[in-house]
Each structure stands twice: as C-alpha cells, then as structure tokens.
Amino acid sequence: MKKSSYSFPKEERLCLKKQIAQLFEQGESLMSYPVRLKYLLVDAPEGSPAKCLFSVPKKLFKRAVKRNLIRRRLREAYRLHKAELYSNIPEGKQLLIAFIYLDNKVLDYTSGENAMRKAFAKLTPQIRNITAK
RNA sequence: UCAGCAGGCCGGUCUGUCGCUUAUUGUGAAAACAAUAGGAGGAAAGUCCGGACAACAAAGAGCGCCACACUUCCUAACGGGAAGAUAUCCGCGAGGGUAUUGUAGUGUAACAGAAAACAACCGUCCUGCGUGCAGGAUAAGGGUGAAAAGGUGGGGUAAGAGCCCACCGGUGCUGCAGGCGACUGUGGCAGCCGUACGCCAUGUGGGUUGCAAGACCAUGUAUAUCCCGGUUUCCUUAGGGUACAGGACUGCUCGUCCUGAUGGCAACAGCCGGGAAGGGUAGGUCGCUAAAGGCUUUGGGUGACCAAGGUCUCAGAUAAAUGACAGGCGCCAAACUUGUUUGGUACAGAAUCCGGCUUACAGGCUUGCUGCUUUU
RNA sequence: GGCCCUAUAGUUCAAGGGAUAGAACGGAAGUUUCCUAAACUUCAGAUUCAGGUUCGAGUCCUGGUGGGGCUA
C-alpha cells in the first residue's frame, strides 16, 4: 500500500453504473444486522482489491440528514477495518460490495463497527469457497 | 415585574486522532504524493409563484383555457413586498384576519316557513248576504329560518303602507374644500332602497419544455426497416386544374402552407446521397458558479427600496465531498450534598443560479408598543 | 435532481354544495339442515390530516402527510 491503510480514495468506491447493475444482478447476499451485504468477486488485474457502496433506503428515513449520518458512520467503520478484509482477497481479483442499512432507527457508531467485524468474519470463508472452485 | 402585540437578528464553540473534496503551488514521464487556503442553510425543505439561462417552435386574426383584479409606489419580474383607503369580523388594548374590477344581463338559496323576491297562511279593514262563507283592500303584528322587504317619530287612512313629512343610514348624479390617488368632509337634487354565493362581462398577463435543458469528445452494432432524389435495367404518354383526406402553425375555428391517394397506370434489383424510425453507448469535458453578489459608510425616502464611495471573493459534488470518534467549555432541565451528578442540546443537508411565498424549528438577543384582571 | 398524478367501508368503485355518505364482494350473528354448501334476514364498518370560504363542505380554496408515475 502506498498510502496509509486507513485512507478511502475514490478508486475504492463503487461508482460505475454498469458494475452496480452487475453486482445486484449476479451478486450473493449476506446478513449482518443491522446491514445486509451484497457481494461479487470479479476479475481485475489492476486496481484496488475491493470496491464498495453504502445505501440507506429512503423508505426507512425520509429526512436526508439521517440517511447521510448513517451512511457516513458505516463508511467510517469500513474505512477503519477494511485491512482485515483486504488480506483475504487473492491477487487479480476484485470484490464488489454493497452495504444496505435495514433498521428503522438511527444506531450509533459502535454497533455499526460490530456489524462490520461480523460481516468480514462471515465473508472470508465465502471468498475462499469461491476461489477454490 | 408579569402577561401580550408587531418587527428585526442569532441559532453553538475549542482541542486531538484518522479521513473526504475543490483550488493553487511544488516534486514527478505519469499515476500519485506533500504543503497552504476554502468547504451546507435560515429555511439548503415543499416545488407554490416570478425571472435569468438553454433548446425547440413561430405569417396572422378571432374564440377558448389558466392566473390576477381598491389606490399610490418598490422591483429584472411576480400571484411578492411597502405605505395607505373603505367595509366587516376577532381582541379591553397594542394589533390581527378577510374582502375590494361591474349603474349591463342572468341563475340558485335544501329543511323549516304564508312567503326566499311579480310574497296574502293567520291577522286587520271594507262590501255582500244564506252569519260563516265569498269577493276585494292591506306588508303595521305573527311562531320559521343563515337571511324576512330601510330605522325612529309624526301626519294620513275604512284598515294600512315612503302614501306624505322630519331626522338618521344607504344608493345615483352634482357643487365646494382636502389628498398624487383610492377616498374623506360638507352642501344641493333625485328615486324611495334587501342579503349571500355563482354564471357572465370588462381589463391586464401567459408560445412549449426544462441543466437528466443543451454543446463537444470517446465507445460502438447494422445497412436487416421505411421514405425521398439521382443513375443503370425493364415497363410506361407527359404536364396542369378541380374536389377529397391527412399534417403543421394550434387547444378549437377560420385562414395560409405542405404532403398523400384518387384523378387510366406502375413494378423489380444494384449503387450513391439525404432524411425518418429503430438499435447501441450510460464514460469524460464544458454548461458550473463574479453574481439583479456579500460586507460597510454616507445621502435620499414614512417605508419597501434607491444612489454614490470603499472593501472582499465566499461550496461546486456527480452512486454524489463538507465527516467519524474521544475529551473540554457554553446553554437548558431535574435531583439533592449548593457545586456536583444525571440527562438533553431544535428544525434540518447545496445539486444550474437568483427574488419571493409557504411550511418545520430547542433556546436566546434586541427595538417599539399595549394592559381588563394581577404585583410593587 | 426536475416534472406530474392521486387519496371514500377490509377490497373494487359511486355520490349536481343540502336528511342518517350508496352499491357489489368480503366479515359477524341468526333462520333453514342431522351437518355443510346454497338461499333468506339482520348487523358492524369509511370521506388522508389541519385551517379557510359558506347558513351548511366528501365536493370549493390554501397548506401539510402518505402512495404512485414519467424523465438520460
């Protein structure tokens, strides 16, 4: 890593419309309360090991302030803990992840952090399975 | 002091760690890295009005549709704002809400009630006789209703009535005074006068769509569809007028223009050019933020606002940054140990940009004014 | 982001500003039957919310809330 492992530049974010459509059509799901994950492993010789996006449905929170707050907290939790995920992703592959918030209450940072740890713990064996095939 | 009315303003702050984004500078071939500076609001919201800007459309006339409607002013513009006018309702009051074009025409007013506007059910009075009915006169009195035919007093009459008179209220015309004006005050004349809501009429304004507008670059499939023109082959008289249909202006009508088929009549294939429709792409750059800009001083105006001078540059993201965590301070509430603990700290997040309106909002500051009751 | 539409019983729809907001299906109770179905009788159940206009709003006007659509 050229930069500090806690940075979160644009190339680690999922922002191409094509890739998002691919992720939601072909990706697999995983629950880790209060978020739901959607993930897909694709071939990518260059670039960052993972790309992710965070989503809070408008149906749960009508006000944009609350949606922004949750999305920012989730992003911080991902940014500070992504190193433990990156070590498990093999060379030449790229992981696309979408985090979708499910609760209808605004939860604090620590519960988001716990959810993130739990999600990574669940995700690593799944990645091994896929790569083994 | 307390309660209240009208207006204006603010709406947390500091430190540390790790991040995001824009600009500039430096290093570097580039990717990138480093430093410095900036990085949500009074409503950024609802998308309700008005503009700027952009694309498309546009010979014109009439009608329709939508919005607005007292006066003077402000403004780029407005359905917004300021200062007023009149009427009415609420409040003790400071004040607040609503309405306002119309001497034309026309409609409706459930139930109840005699009657909802060319009004006789009861009543009152007159006449007739068969003495309780018929014919008339009459809006003074009467239960109903949201609303009942100007009000009070006098004259008058068979009984009554703007039938007549005086005063008052209102309407129309008009003289004088004040005001830029709506209008106000006051005098004269006239006709004697209901209320509410519509339709309708009059005047003014409105082309449509919206930055996902639009411009450029990149990526990229197929000439498989349709039309027109030219040319080659084959077939075939050619050109014009009239009516019909469709389309555009346009929501409708007229009108204008264009096209089509019919008017005796076309067909097939290849190539070239143009157009339509369809398919594909979903990346980037511009638009994009220096503006009807902010702050401030002076002057003008009752005010909205305007003029002149000075000074400043103040978000530009694009699956979308402006943050997360920890601690301190401030503010509010409760508890008691009276200076500690515990809890809370609003509404809410730019998406092309401005001017308004509306709605949400913990708490606080400030200017002017009011007070029936209450305290000093 | 921009531009629009809409809201009536549990569901699908009605209702010229004027009695208690109507109909169908569904629900509940009863009659009939040995029991069920069918049939018949009865009942319950609604104008998205807050203001305003009006004597009187489901309807007219204003604002909020919810639901839905279109747009490269």
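A note on names: the letters A, B, ... follow the listed sequences, proteins ahead of strands, and every chain is numbered from 1.
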Minimum-distance nucleotide to [X] side chain [options: [options]]:
X	options	result
A:E76	C:rG1, B:rA321, B:rC18	B:rC18
A:R71	C:rG1, B:rG349, B:rA321	B:rA321
A:R75	B:rU322, B:rA324, B:rA350	B:rU322
A:K62	C:rG66, B:rC18, B:rU322	C:rG66
A:Y109	B:rA324, B:rA350, B:rA348	B:rA324
A:R73	B:rA324, B:rG349, C:rG66	B:rA324

Under 4.0 Å: is that the gap between some side-chain N or O of A:R67 and OP1 or OP2 of B:rA320?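 Checking B:rA320 against A:R67, no side-chain N or O comes under 4.0 Å of OP1 or OP2.
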Give the intermediate values and the outcome of side chain to side chain contact (heavy atoms under 4.5 Å, CB included) for residues A:Y101 and A:R73. CA-CA 11 Å; A:Y101 195 77; A:R73 277 178 178 161; over 6 Å; no
For A:R13, report the nucleic acid contact type (base, sugar-phosphate, nothing); a contact means any heavy atom under 4.0 Å.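 If one applies the 4.0 Å heavy-atom cut-off, A:R13 turns out to touch the sugar-phosphate alone, with no base involved.
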Categorize A:K51 for me: base, sugar-phosphate, or nothing, with a 4.0 angstrom heavy-atom threshold over every strand shown.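 No contact at all - A:K51 keeps every heavy atom at 4.0 Å or more from the nucleic acid.
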C1' atom, B:rA110 versus C:rG17: distance in rounded Å? 10 Å
Can you check the distance between B:rU88 and B:rA120, where both ends of the measurement are the C1' atom (answer in whole Å)? 36 Å
Should the pair A:F99 and A:F54 be assigned to parallel (<30°), tilted (30 to 60°) or perpendicular (>60°) ring geometry? parallel
Within the modelled atom types, does a donor on one side and an acceptor on the other bring the side chain of A:R79 and the base of B:rC18 under 3.5 Å apart?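 By the distance-only test, yes, there is a pair.
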Residue matched to B:rC63 through Watson-Crick or wobble contacts both under 3.5 angstrom: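 B:rC63 is paired with B:rG251.
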What's the verdict on salt bridge (Lys or Arg N to Asp or Glu O under 4.0 Å) for A:R79 and A:E76, showing C-alpha distance, side-chain angles and the deciding distance? CA-CA 5 Å; A:R79 184 172 69 80; A:E76 284 295 306; 2.6 Å; yes
